[in-house]
Amino acid sequence: MDLVEAAPEQTYRLRSEVLGWGSPAISIDGDGAGHLVLVDGAAVVGAVSHVAWPCPDEPGVPARYFWAMAVDGAYQGRGFGRRLLAAVADRARAQGERVMWADARESAVGFYVACGARVTGDPYVDEGTGLPVCHVVFRLDG
């Protein structure tokens, strides 16, 4: 299983299947954004996007935002989500960032908490997806 940088277009099929995206209408290819994928042969089986972006729950602390993490259902429960998180954390640390965070769907919050995140604030409805989400925050400096 290889972890590689990818163009956002390489993530659309997986994100459509796992996250229910009807189209790549949610912009994920802005300036400075990185996109990591796990590939098994020619198949993209995991994906996450990330960018340096301030965390509203940690003002003034260098931070990395990640979003649209997805792992193919046949590969879930085998550590691939944790591998994607670790890769984002490595990139954040390399840039001197001390926090990484996301707007997590309710269905994913337990996973992030099990990986060491804390939940901050009250749930709210994400304007892009219409789903309830909340912030999950990881401290990277100890």
The criterion is side-chain hydrogen bond (donor to acceptor under 3.5 Å, both in side chains); which residues satisfy it with D126, sequence neighbours excluded? T129
After noting the C-alpha distance and the side-chain angles of F66 and V51, does the key distance pass the side chain to side chain contact (heavy atoms under 4.5 Å, CB included) rule? CA-CA 7 Å; F66 67 95; V51 68; over 6 Å; no
Residue list, side-chain contact (heavy atoms from CB on, under 4.5 Å) with V18, at least two apart or on another chain: L14, A70, Q76
Compare all side-chain heavy atoms of M69 with those of L85 and state whether any distance is below 4.5 angstrom. yes
Run the side-chain contact (heavy atoms from CB on, under 4.5 Å) test against P62 and tell me which residues pass, sequence neighbours left out. E97, R98
Taking all non-hydrogen atoms of both residues into account, name the closest pair between V109 and C134 and its distance. CG2-SG, 3.6 Å
Find the distance between CG (L3) and CE (M1) and round it off to the nearest 0.5 Å. 10.5 Å
Would you call the rings of H135 and W101 parallel, tilted or perpendicular, where under 30° means parallel and over 60° means perpendicular? perpendicular
Other residues, nucleotides, ligands: >12 heavy atoms within 6.0 Å of D90 CG: yes
If we only count heavy atoms from C-beta on, is the L84 to L38 side-chain gap below 4.5 Å? yes
Would you say that V137 contacts C55 through its side chain, given a criterion of any heavy-atom pair below 4.5 Å between the two side chains? yes
Heavy-atom side-chain contact between C115 and F138 under 4.5 Å: yes
If hydrophobic clusters are built from ILVMFWY residues whose side chains come within less than 4.5 Å, do W67 and V99 share one? yes
Rounded distance (nearest 0.5 Å) linking atom CG of L36 with atom CZ of R83: 10.5 Å
How long is the straight-line distance from CZ of R64 back to CZ of R91, given to the nearest 0.5 Å? 9.0 Å
Who passes salt bridge (Lys or Arg N to Asp or Glu O under 4.0 Å) against R13, sequence neighbours left out? E17
Pairs involving residues 106-119, ordered by first then second residue, that meet side chain to side chain donor-acceptor pair (under 3.5 Å) (sequence neighbours left out): E58-R118
Tell me whether M100 shares a hydrophobic cluster with V113, the cluster being built from Ile, Leu, Val, Met, Phe, Trp, Tyr side chains joined at under 4.5 Å. yes
Which heavy atom in S49 sits nearest to a heavy atom in H35, and how many Å separate them? OG-ND1, 2.7 Å
Minimum heavy-atom distance between L19 and R105, given as atom pair plus value: O-NH2, 2.9 Å
How close do Y75 and F80 get, counting heavy atoms only, and between which atoms? O-CD1, 3.3 Å
For F111 and R82, which heavy atoms make the closest approach, and how far apart are they? CZ-N, 3.8 Å
Atom of A92, atom of L140 and distance for their closest heavy-atom approach: CB-CD1, 3.5 Å
Please tell me whether V44 and V4 are part of a single hydrophobic cluster in this structure, the criterion being side-chain heavy atoms less than 4.5 Å apart. yes
Test of understanding: with side-chain contact (heavy atoms from CB on, under 4.5 Å), list the residues that count as partners of A42, not counting sequence neighbours. none
Dump the intermediate steps for side chain to side chain contact (heavy atoms under 4.5 Å, CB included) on R78 and V71, then the final yes or no. CA-CA 10 Å; R78 296 168 46 190; V71 175; over 6 Å; no
